[in-house]
**Student:** 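Questions regarding the structure given below will be posed in turn.
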2 protein chains.
Amino acid sequence: MTSRGPEKRVRKAPAERRSEMVTAAARVGLAEGLECVTLRRVADELGVRSGLVGHYFPAADRLVAEAFTSATMAELDSLLPEMSADPGPGGAVRALRRLFSLTSSADFDNVSRLWLNARHLARYRPVLRDHVIEQDMLWCRRIERVVAAGVEARDFHCADPWAAAVRILVAIDGASAYVNTGAGHRAAPIADMVRTFAETELGLPVGTLESS
Amino acid sequence: MTSRGPEKRVRKAPAERRSEMVTAAARVGLAEGLECVTLRRVADELGVRSGLVGHYFPAADRLVAEAFTSATMAELDSLLPEMSADPGPGGAVRALRRLFSLTSSADFDNVSRLWLNARHLARYRPVLRDHVIEQDMLWCRRIERVVAAGVEARDFHCADPWAAAVRILVAIDGASAYVNTGAGHRAAPIADMVRTFAETELGLPVGTLESS
DNA sequence: TGTCTTATTGGCCACTCACTCAATAACATC
DNA sequence: GATGTTATTGAGTGAGTGGCCAATAAGACA
């Protein structure tokens, strides 16, 4: 009998409990989708009653939105760590190689699903919408800074780092729009599209951003 | 009193009734999202009882999937009508101009929303997933044929029409991923990206595909 | 006009959701 | 050890969903 019975209550500091909930919600959202981030589901995940989750999140929308932000913030740091002020020659190129290598790997699929999920759900949930916009900006700015650093270091050329960052992100989003349906016969033409597009955008010879 | 009371029953041929339902479901899905395509909602739309919709669609998944297919088929025909075998010189260019002009207009927003919606929902609903894959192929092939016609007519150059079509669609999908969140500061860099990308892909001078 | 097929109704079920709230018990503080 | 605060429970509510089915009546056909 591993089961049932009124478990002993565990009483935690509100801040800690809340943060536990967001973390659990982020895990569920990333693995199974934001629709599965419900008061009950998160409660089960933590071994508490759903009423408690409702207590910390009087509107379930906030929980979903914070789950999204938590997951994407962590992911961004893993994909594209903040650059030092002067990454040295080739530093920006290495960062971009790493980014494209990671985003085109299957490990990125759940993140693609999460973004797709959030971009759609934002249609109905205003709170989530605001968080998505915020994360969009964060991701864009992070890429912009790498591009700017690369321009600074003469690694490549780009008249408008912001515009380039925006367009590179559009390409990433476009290429990952098919996570749930499978690319099928379209896999091959898509495979190197993002990298190639970025190379064109930055005036780099084809293949420069290919990971070794 | 425009309301209530047991309305007189209207008895229709099964095929007609079913097709009415799909049409109504497509309308709801396009305007409000596929999540709103429920047995009850479609029933209300037609002024019948939900049990009747359940009778024609024993699994609600089929209704949602067929709603999607119905809406996207109609949209595709409107965006990019089937080409005649030989569209004559400049015909392909005109078709692409029209396509990009329409997809970048605000009238296309609901279609963007629908695709985003379906691409996400396909994660959970296998029947819808199959329909999305099918429509994806249809849209791609339609573009491919225009590209092939343009190559044939020496309007532009392209080594692999299929790959070009796939990538152009990726660009369209990427650019329309922000319908629900608003492009904000990113609007300008995105604005001409699809068209420009297509011009590069087809070896055309920048601006060739701009609509007059 | 009467009969029969079946499209349609009306009502039900079991489920899940967010949300509410009085009662309870864990822990800090005295 | 007694007391008070409050994190947590347990048991609801109401609204929404898909799905099921016997009873009903519309319309075609004899």
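Just so we're on the same page: letters track the sequence lines, and every chain starts at 1.
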**Student:** Once you round it to whole Å, what is the distance between P of dT20(C) and CG of Leu39(A)?
**Tutor:** 11 Å

**Student:** Looking at Tyr56(A), I'd like to know whether one of its side-chain N or O atoms comes within less than 4.0 Å of OP1 or OP2 on dT8(D).
**Tutor:** yes

**Student:** 5'-most contact on DNA chain D: Pro58(B) or Lys12(A), nearest heavy atom basis?
**Tutor:** Lys12(A)

**Student:** What nucleotide, of dA18(C), dT9(C), dG18(D), holds the atom closest to the side chain of Val48(B)?
**Tutor:** dT9(C)

**Student:** Within this structure, what is the CZ-to-C1' distance between Arg49(B) and dA26(D), rounded to whole angstrom?
**Tutor:** 17 Å

**Student:** Just checking Met83(A): does its CE atom have more than 12 heavy atoms from other residues, nucleotides or ligands closer to it than 6.0 angstrom?
**Tutor:** yes

**Student:** Round to the nearest Å and state the distance from Phe57(B) atom CZ to dG19(D) atom C1'.
**Tutor:** 15 Å

**Student:** Verify side chain to side chain donor-acceptor pair (under 3.5 Å) between Tyr178(B) and Asp136(A), making sure each step is shown before the conclusion.
**Tutor:** CA-CA 10 Å; Tyr178(B) 313 103; Asp136(A) 250 333; 5.1 Å; no

**Student:** Specify the separation, in whole Å, of atom CZ of Arg41(B) and atom C1' of dG19(D).
**Tutor:** 20 Å

**Student:** Begin with the C-alpha distance, continue with both residues' side-chain angles, and end with the deciding distance and a verdict on side chain to side chain donor-acceptor pair (under 3.5 Å) for Arg129(A) and Asn180(B).
**Tutor:** CA-CA 8 Å; Arg129(A) 172 200 267 123; Asn180(B) 294 326; over 6 Å; no

**Student:** What I want to check is whether an N or O donor and acceptor connect the side chain of Arg9(A) with the base of dT24(C) at under 3.5 Å.
**Tutor:** yes

**Student:** So for Arg40(B) and dG16(D), does any side-chain atom that can act as donor or acceptor lie under 3.5 Å from a complementary atom in the base?
**Tutor:** no

**Student:** Rounded off to whole Å, could you give me the CZ-to-P distance for the Arg18(B) and dA7(C) pair?
**Tutor:** 13 Å

**Student:** I'd like to know if Arg17(B) reaches the base of dA7(C) with its side chain, counting only an N/O donor and acceptor under 3.5 Å.
**Tutor:** no

**Student:** Could you pick out which residue, Ser50(B) or Met21(B), lies toward the 5' side of DNA chain C when each is mapped onto its nearest nucleotide?
**Tutor:** Met21(B)

**Student:** Distance check needed: dT9(C) C1' versus His55(B) NE2, whole Å only.
**Tutor:** 12 Å

**Student:** Evaluate Met193(B) against Val170(A) for side chain to side chain contact (heavy atoms under 4.5 Å, CB included), listing each step before the verdict.
**Tutor:** CA-CA 9 Å; Met193(B) 173 176 165; Val170(A) 167; 3.5 Å; yes

**Student:** Round to the nearest Å and state the distance from Leu52(B) atom CG to dT6(C) atom C1'.
**Tutor:** 12 Å

**Student:** Heavy atoms under 4.0 Å, any strand shown: does Ala59(A) hit a base, just sugar-phosphate, or nothing?
**Tutor:** sugar-phosphate

**Student:** Which nucleotide, dA18(C), dT9(D), dG27(D), lies nearest any side-chain atom of Lys8(B)?
**Tutor:** dG27(D)

**Student:** Answer whether the closest heavy-atom distance between the side chains of Gln135(B) and Trp115(B) falls below 4.5 Å.
**Tutor:** yes

**Student:** From CG of Leu46(A) over to P of dT9(D), roughly how many Å is that when rounded to an integer?
**Tutor:** 10 Å

**Student:** On DNA chain D, nearest-nucleotide positions of Gly51(B) versus Arg11(B): which is more 5'?
**Tutor:** Gly51(B)

